[in-house]
Asks: 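Before I ask anything, let me first share the structure, which is written out below as structure tokens.
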Amino acid sequence: MKRKSVPVAALAFCIALSYPAELPAQRDQALARLKELSEYLEQLTQRVTPAVVAIMATGYTPLQQGDAPGTGLLTRRQVGGSGVILDPDGYILTNLHVVEGAGRIRVRLGARIVGFDRETDMAVLKVEATGLPYLELADSDEVITGQLVFAFGSPLGLENTVTMGIVSGVARQLRPEDPMIYIQTDAPINPGNSGGPLVDAEGRVIGINTLIISQSGGSEGLGFAAPSNIVRSVFQQIKMNGYVRRGTIGVSAQTISPTLAEGLGLARDWGVVLGDVYPRSPAELAGLQIGDIVLSLDGKVMENGRQFEVNLYRTPVGATVTLEVLRGGQTRTASVTVLEREDDPGRFSI
């Protein structure tokens, strides 16, 4: 897909200032490009903003240290956040932590919870309306470091706020062996941005702003968004079924390090090795064995265990995946059926 060249004009401002007065033609051309960029960003904001909503969730939570003393064990709390309309029939995606425990959720049109997913911190809301403005989800696998992005939402209750930055990193894992990954951005994100969209220069959602890492409590340039490809699977499943089903093939995948490769005598010192294959699992039935080195999953080269888990994470239950593995110097192919992963019963409580 051909990328738009408009963002390159962001350099025009610096270029314009660097031209000496005796080169008015070049300076005027640089300023014209800067104006073109400004007009494009205005148009982008006007397209995206109508599909971004402010959310106010009200509920009761246990008293915490620092709360004003009272006679009860619960205190009333209000949490502000953001959401994005992904379907013109009134389906809104936000973060679970924005609406968790809420007895009342206020969007401009009033909303109810359709379902949620704790593992990705996502929740789907529904308002009784049709023909609403909405945004499309992009392919987050195409997101690259350095790409220009925009964060929309209601930080600290300030509705219709937009900030600009770049993608600082992709596939960030915040906890070891966590299947959830994030897009990292330096676009300013503050409390209240949660659940709002991170969009590309074409106004497509590449992620849902979920969390920040901060020592001050405000933006320090370390914002994280759930990638759109994971968001798409969660949104579609909740919209259809009310909850998320996840697949497994019955293996434990490990990232190969040079030390691990030397200790196990593996044929390569990078990639993914099957540390365990569970008895009577689809993987065992397909002929996979402990020690198999996974070369690819559905044609995609596997570089580490996290990537392997994330790609299975998005595969629909009942689908078949193709693994190419290396065993004893020979390459083998196995077709494996994806079964539903046993899940935490707590996924149904909020």
Side-chain angles (χ1 to χ4, degrees), residues 1-17 26-55 81-94 107-109 127 129-140 142-168 183 185-190 192-209 219 221 223 225-229 231-232 235:
M1 178 179 66
K2 185 177 180 181
R3 294 189 178 273
K4 292 183 179 291
S5 60
V6 176
V8 177
L11 299 175
F13 182 67
C14 295
I15 295 173
L17 293 179
Q26 291 89 335
R27 184 182 181 91
D28 289 347
Q29 183 180 20
L31 288 172
R33 295 190 67 192
L34 178 61
K35 182 179 179 181
E36 180 186 2
L37 171 65
S38 179
E39 291 175 348
Y40 180 81
L41 297 183
E42 292 169 12
Q43 295 168 7
L44 174 69
T45 301
Q46 291 169 4
R47 292 201 313 269
V48 172
T49 298
V52 181
V53 300
I55 296 173
S82 306
V84 56
I85 303 173
L86 295 181
D87 186 297
D89 288 336
Y91 288 93
I92 300 171
L93 188 73
T94 186
V107 186
R108 285 184 179 178
L109 300 175
V127 296
T130 58
L132 297 177
Y134 69 100
L135 300 182
E136 295 183 354
L137 292 166
D139 182 355
S140 55
E142 295 184 357
V143 173
I144 59 175
T145 302
Q147 179 178 335
L148 190 66
V149 292
F150 305 85
F152 288 79
S154 301
L156 304 178
L158 301 172
E159 297 184 27
N160 300 325
T161 295
V162 56
T163 57
M164 182 175 71
I166 63 170
V167 172
S168 305
I183 296 171
T185 179
D186 69 347
I189 295 174
N190 288 284
N193 270 115
S194 292
L198 186 70
V199 306
D200 62 15
E202 298 179 49
R204 303 172 306 170
V205 178
I206 66 169
I208 297 297
N209 301 319
S219 174
S228 57
N229 286 351
V231 168
R232 180 183 291 104
F235 176 73

Asks: Just wondering, do Phe150 and Leu44 contact through their side chains at under 4.5 Å, heavy atoms?
Replies: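 Of all side-chain heavy-atom pairs linking Phe150 with Leu44, at least one is under 4.5 Å.
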Asks: Output, in order, the C-alpha distance, side-chain angles, deciding distance and verdict of side chain to side chain contact (heavy atoms under 4.5 Å, CB included) for Val231 and Val205.
Replies: CA-CA 10 Å; Val231 168; Val205 178; over 6 Å; no
Asks: Ignoring hydrogens and geometry, is there a side-chain-to-backbone donor-acceptor pair from Tyr40 to Ala201 under 3.5 Å?
Replies: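 Yes, because the side chain of Tyr40 sits within donor-acceptor range (under 3.5 Å) of the backbone of Ala201.
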Asks: Do Leu148 and Asp200 come close enough that some side-chain heavy atom pair is under 4.5 Å?
Replies: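 Not in contact.
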Asks: Could you tell me whether the side chain of Asn209 and the main chain of Gly195 form a donor-acceptor pair under 3.5 Å?
Replies: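 Not a single qualifying donor-acceptor pair exists.
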Asks: Can a donor-acceptor pair be found, under 3.5 Å and without considering hydrogens, that links the side chain of Asn190 to the backbone of Ser219?
Replies: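 Yes.
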Asks: Any side-chain heavy atom of Leu135 sitting closer than 4.5 Å to one from Pro197?
Replies: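 Yes - at least one pair of side-chain heavy atoms lies under 4.5 Å apart.
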Asks: Thr185 side chain to Val167 main-chain N or O, any donor-acceptor pair under 3.5 Å?
Replies: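 Here the side-chain-to-backbone pair does not exist.
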Asks: Quick check against the 3.5 Å criterion: does Thr49 have a side-chain atom that pairs as donor or acceptor with the backbone of Gln46?
Replies: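 Such a contact is absent between Thr49 side chain and Gln46 backbone.
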Asks: Decide yes or no for Leu137 and Arg204: does some side-chain heavy atom of the first lie under 4.5 Å from some side-chain heavy atom of the second?
Replies: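 SC-SC contact between Leu137 and Arg204 ruled out.
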Asks: Rounded to the nearest 0.5 Å, what separation is found between the CE atom of Met164 and the CG atom of Asp186?
Replies: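 Atom-to-atom, Met164:CE and Asp186:CG are 9.5 Å apart.
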Asks: For the OG atom of Ser82 and the CG atom of Leu93, what is their distance to the nearest 0.5 Å?
Replies: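 Result: 12.0 Å between the selected atoms.
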Asks: Check whether any side-chain N or O of Glu39 sits under 3.5 Å from a backbone N or O of Glu36 as a donor-acceptor pair, and report yes or no.
Replies: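 Not at all, since once roles are kept as given, no pair shorter than 3.5 Å links the two residues.
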Asks: Check the pair Val52 / Asn160 against side chain to side chain contact (heavy atoms under 4.5 Å, CB included), numbers first and verdict last.
Replies: CA-CA 8 Å; Val52 181; Asn160 300 325; 5.9 Å; no
Asks: Using a 3.5 Å distance criterion without hydrogens, assess whether the side chain of Ser228 forms a donor-acceptor pair with backbone atoms of Ala138.
Replies: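 It does hold such a pair.
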Asks: For the CG atom of Leu198 and the OG1 atom of Thr163, what is their distance to the nearest 0.5 Å?
Replies: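 One finds 8.5 Å between CG of Leu198 and OG1 of Thr163.
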Asks: How about Leu86 and Tyr134: do any of their side-chain heavy atoms sit closer than 4.5 Å?
Replies: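 The answer is no; the side chains never approach within 4.5 Å.
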Asks: Are Val149 and Ile206 close enough that some pair of their side-chain heavy atoms sits under 4.5 Å apart?
Replies: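 Result yes, sub-4.5 Å side-chain heavy-atom pair found.
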Asks: Work out which heavy atom in Ala151 is nearest to a heavy atom in Ala187; give both atom names and the distance.
Replies: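 Heavy atoms only, the tightest pair is CB-CB, 4.3 Å.
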Asks: Atom CD of residue position Glu136 - does it have more than 12 heavy atoms of other residues, nucleotides or ligands inside 6.0 Å?
Replies: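 Not buried by this count: 12 neighbours or fewer within 6.0 Å.
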Asks: Taking the side chain as every heavy atom from C-beta outward, state whether Thr45 and Phe152 have any pair of such atoms under 4.5 Å apart.
Replies: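 Contact flag for Thr45/Phe152 side chains = yes.
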Asks: Calculate, to the nearest 0.5 Å, the distance between atoms CD1 and OG1 belonging to Ile85 and Thr94 respectively.
Replies: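 It is 12.0 Å, given to the nearest 0.5 Å.
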Asks: Going from CD1 on Ile208 to OG on Ser194, what distance comes out if it is rounded to the nearest 0.5 angstrom?
Replies: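 Nearest 0.5 Å value for the CD1-OG distance: 10.5 Å.
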Asks: If I compare all heavy atoms of Gln147 with all of Glu142, which pair ends up nearest, and what's the gap?
Replies: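 Taking every non-hydrogen atom into account, OE1-O, 4.1 Å.
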Asks: Which distance, rounded to the nearest 0.5 Å, do you find between the CG of Asp87 and the CZ of Phe235?
Replies: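 Asp87 atom CG to Phe235 atom CZ measures 5.0 Å (nearest 0.5 Å).
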Asks: Looking at Gly81 and Ser154, what are the two nearest heavy atoms and their distance?
Replies: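 Reported closest heavy-atom pair: O-CB, 4.3 Å.
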